[in-house]
Amino acid sequence: MSDAKVYRRIARLSEEFPGLLAALKPGLKGLVPDDTNFTEESYDELFAILAAALYSVKDAKLRKASANASGGNPKLVALLMDEGEKDKDAALVERILERLAPYVPPQVFLQTLATMHANDAPAFREYHGAIQRIVADLYRIAAGFAPGEHCPAALVRWASGPHRERIRAELFG
């Protein structure tokens with residue numbers, strides 16, 4: 001078993017973690033491979049889609065540009081904003097991102113972003129703009145610049161820490 005799988009399995013053993021994700025289950029349906037049990041194999045997808053949703057919550061222009069066919073917010077974004085931009089669910093996503101960050105390898109995360117952006121299914125198309133923002137902010141961080149103003153704090157810490165050189169190698173290599 002690889003080191004990454006061992007670390008993800010350790011994270012999964014947390015008693016609190018599955019409960020945190022349960023609140024978001026309706027919005028995650030169809031966006032991650034295991035949207036029922038949220039196994040460790042879904043951590044990179046969860047990190048990507050939750051960060052993308054948080055970008056949409058924080059940026060009204062991105063939300064408007066990413067509206068679905070009926071003109072509404074994607075389901076996960078609507079769930080995170082049902083009480084406004086300061087919704088407790090948005091704060092919960094920040095906590096979940098912090099919890100997931102140590103278990104998401106940079107190479108796998110970048111591949112996940114590419115796969116999600118290439119997916120033309122309506123559920124993923126709504127997040128394409130936010131995924132582009134994530135990648136742009138990763139480029140900025142890897143190059144030594146400050147990320148955009150709406151970049152989630154957990155993503156900034158993840159990309160600026162020990163993963164920075166690996167991200168830089170993947171993006172600029």
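Note that the coordinates shown come from a computational prediction; the quantities given were computed from them, not determined experimentally.
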May I ask you to test the [X]-[Y] pair for a side-chain heavy-atom distance under 4.5 Å?
| X | Y | value |
| --- | --- | --- |
| V77 | E126 | no |
| L46 | I96 | no |
| F47 | V108 | no |
| R168 | E165 | yes |
| R63 | M81 | yes |
| L80 | L92 | no |
| L62 | H150 | no |

Minimum heavy-atom separation for [X] to [Y], with atom names?
| X | Y | answer |
| --- | --- | --- |
| I134 | A52 | CD1-N, 3.7 Å |
| L97 | P152 | CD1-CB, 4.2 Å |
| L76 | A53 | CD2-CB, 3.6 Å |
| L79 | G27 | CD2-N, 4.1 Å |

Distance check, rounded to the nearest 0.5 Å: [X] atom [atom1] versus [Y] atom [atom2]?
| X | Y | atom1 | atom2 | value |
| --- | --- | --- | --- | --- |
| D137 | E149 | CG | CD | 10.5 Å |
| L21 | L50 | CG | CG | 7.0 Å |
| L100 | R95 | CG | CZ | 12.0 Å |

Handout entry: E94 with K58: basic N within carboxylate O range, under 4.0 Å
Key =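 Yes, this pair counts.
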
Please enumerate all residues that pass ring pair (Phe, Tyr, Trp, His ring centres under 6.0 Å) together with [X], with sequence neighbours excluded.
| X | result |
| --- | --- |
| F172 | Y139 |
| Y55 | none |
| H163 | W158 |

Handout entry: Qualifying residues under side-chain contact (heavy atoms from CB on, under 4.5 Å), relative to Q111, sequence neighbours excluded
Key =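 Q107.
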
Problem - Passing option when L113 is tested against I49, L138, D44 for side chain to side chain contact (heavy atoms under 4.5 Å, CB included) - result: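 Result for side chain to side chain contact (heavy atoms under 4.5 Å, CB included) with L113: L138.
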
Problem - ILVMFWY cluster membership beyond V156 - transitive side-chain contacts under 4.5 angstrom - result: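 Answer for V156: I141.
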
Identify every side-chain donor-acceptor pair in residues 117-124 under 3.5 Å, counting partners at least two apart or on other chains, and give the distances.
{"residue": "H117", "atom": "NE2", "partner": "Q132", "partner atom": "NE2", "Å": "2.9"}
{"residue": "N119", "atom": "OD1", "partner": "A121", "partner atom": "N", "Å": "2.9"}

